[in-house]
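Right, one structure below, let's go through it.
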Protein chains: 2
Amino acid sequence: MASVRGPADAAYEQLRSLIFRGELQPNERLVEVDLAARLRVGRAVVRTALVRLGQDGIVVLTPHRGARVKLVSEAEAVEIVQTRAVLEALTSRQAAVQATTREIDGLRRTLERMSARLAAGDLLGYSEGNAALHAGIIAASRHQTAARLISGLRAQMVRFQFRTILVPGRPPESYQEHSAIVEAIAAHDPDAAEAAMRHHLRGVERTLSRTNRAEVP
Amino acid sequence: MASVRGPADAAYEQLRSLIFRGELQPNERLVEVDLAARLRVGRAVVRTALVRLGQDGIVVLTPHRGARVKLVSEAEAVEIVQTRAVLEALTSRQAAVQATTREIDGLRRTLERMSARLAAGDLLGYSEGNAALHAGIIAASRHQTAARLISGLRAQMVRFQFRTILVPGRPPESYQEHSAIVEAIAAHDPDAAEAAMRHHLRGVERTLSRTNRAEVP
DNA sequence: GCGGACAAGATTGCGAACAATCTTCCGAAG
DNA sequence: CTTCGGAAGATTGTTCGCAATCTTGTCCGC
């Protein structure tokens, strides 16, 4: 992660994390003075943090009416997954070319951990492994531009974070798909890596569009 | 284009346009008071505009050292084109599904205009048509998420705007590629549309990595 | 002549106060 | 009872001012 360069950056990261962790819920109004008190900083700092969050689509700023955590619709969620799909397919392809042996070992270890969690029925742990695996692939790709955009897209998906994992029968599928991605990268086969990642996120998209209800608490 | 909702947004758009048009050159220092005087707004407005531009990677903000127009390296330019490639391939695919007859007619007309400019040796006009065609395809795709990201990426490419067009023998190739994209969309063939766009931007990428020198004034 | 401390100027970061705008609540008319 | 109007409160947008930090120029020792 990028280190924090000042109190302003710290506030930005904190707000982002608060939204990501669900402490600030979608559609919740973000009042500047309240946030300033909560984060122990001035209103100006909160303000610029909100501008930044607005620019990467995590909150929506309406003039004279303040900021709210963006509530992404089902349709937008599908758009976001589609976009992530093509971007992560790109990183997967690049990772197949660039990944070091060390990085590939790391991916394999993460995969094993995921397998263990899955066998133990620990879906939350599996989900964490999932995130770690994607992060590892992105890091191995050394593609800064794609990495930046993907990070922005992930932040918008809070509401749907665990939805796909909770669908009965989905986790084993998911595990197979991830395994295929890692093997393609390990084999240094860009085309296969890209195809496997696309296949995986097409699965996520299908699962998502099928569960157009049932909020997660 | 999104309409301007206030003086703050106006300043953001103006700065963006200034950078895009080359009036503020890469690596140029952006002093807040100077810009404020130039745009006839307060320093705070300039400040938030700079924060926004910083967030979408067009300027780089160094704490206590101000803002500069980001100078993108050749390597970054390649990354950006690769990223645009996959994103625009997505919009191209969606456009093949979603485009109305009216929109397809519009694309065809733009293509004809490009052909005329090319025949007349008007490379600048051709380049404008190029931009219009890509914009038309993105609009026809109705893919807001991809559209937003592509718009951000385009803004970073100022330095390389005309470079590929100026390569001898490239324009006719480029025209053929664009023609193929439009025909695939007109035929409502998503796979072909995606493939054609990928082919096109692979051409741009190759041309770009081959011209790793020769600045454009 | 050259390099490093030091001071002066320039610029950004931030807090406080004020103005502009929106929201809410209350009352009165229909 | 509903709806319109307006005033009070809340919240955002902007300006001002000052402290913190960086940059530049100068002077002194070597």
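Excluded from the calculations below are hydrogen atoms, water molecules and symmetry mates; all remaining heavy atoms, backbone and side chain alike, are included. Letters A, B, ... are given to chains in the order of the sequence lines, protein chains preceding strands, and every chain is numbered from 1.
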Only pairs under 3.5 Å count here: list side-chain donor-acceptor contacts from residues 76-84 of chain A, not counting sequence neighbours, and write none if there are none.
from  : atom 1 : to     : atom 2 : distance (Å)
A/E76 : OE1    : A/S73  : N      : 2.9
A/E76 : OE1    : A/S73  : OG     : 3.2
A/E76 : OE2    : A/K70  : NZ     : 3.4
A/E79 : OE1    : B/Q144 : N      : 3.4
A/E79 : OE1    : B/T145 : N      : 3.0
A/E79 : OE1    : B/T145 : OG1    : 2.7
A/E79 : OE2    : B/Q144 : N      : 3.1
A/Q82 : OE1    : B/H143 : NE2    : 2.8
A/Q82 : NE2    : A/E205 : OE2    : 3.3
A/T83 : OG1    : A/E79  : O      : 2.8
A/R84 : NE     : A/E88  : OE2    : 3.0
A/R84 : NH2    : A/E88  : OE2    : 3.1

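Ionic pairing of B/R52 and B/D9 is present here: one or more N-O contacts between side-chain nitrogen and carboxylate oxygen are shorter than 4.0 angstrom. A salt bridge does not link B/E112 with B/R108: none of the charged nitrogens is closer than 4.0 Å to a carboxylate oxygen.
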Tell me, for nucleotides 8-19 of chain C in 5' to 3' order, what letter each nucleotide earns: B for a base near a protein heavy atom under 4.0 Å, S for only sugar-phosphate near one, - for neither? ---SBBBS-B--
Pair pattern of DNA chain D in dot-bracket, where unpaired bases get dots and | marks partners in another strand, Watson-Crick or G-U under 3.5 angstrom: ||||||||||||||||||||||||||||||
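Distance alone, capped at 3.5 Å, places no donor-acceptor pair between the A/T62 side chain and the A/R65 backbone. Using modelled atom types, no side-chain atom of A/S174 and backbone atom of A/R170 make a donor-acceptor pair closer than 3.5 Å.
The interatomic distance linking A/L50 (CG) with D/dT14 (C1') rounds to 17 Å, in whole Å. Here D/dT21 presents its C1' atom at 16 Å from CG of B/L61, a figure rounded to the nearest Å.
Closest heavy-atom contact between B/H188 and B/P190: O-CD, 3.3 Å.
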Derivation of the side-chain hydrogen bond (donor to acceptor under 3.5 Å, both in side chains) call for B/S151 and B/R16: CA-CA 11 Å; B/S151 146; B/R16 212 179 138 103; 3.0 Å; yes
Working note: A/T48 + A/Y12, criterion side-chain hydrogen bond (donor to acceptor under 3.5 Å, both in side chains); need CA distance, chi angles, decisive distance, verdict. CA-CA 8 Å; A/T48 72; A/Y12 169 72; over 6 Å; no
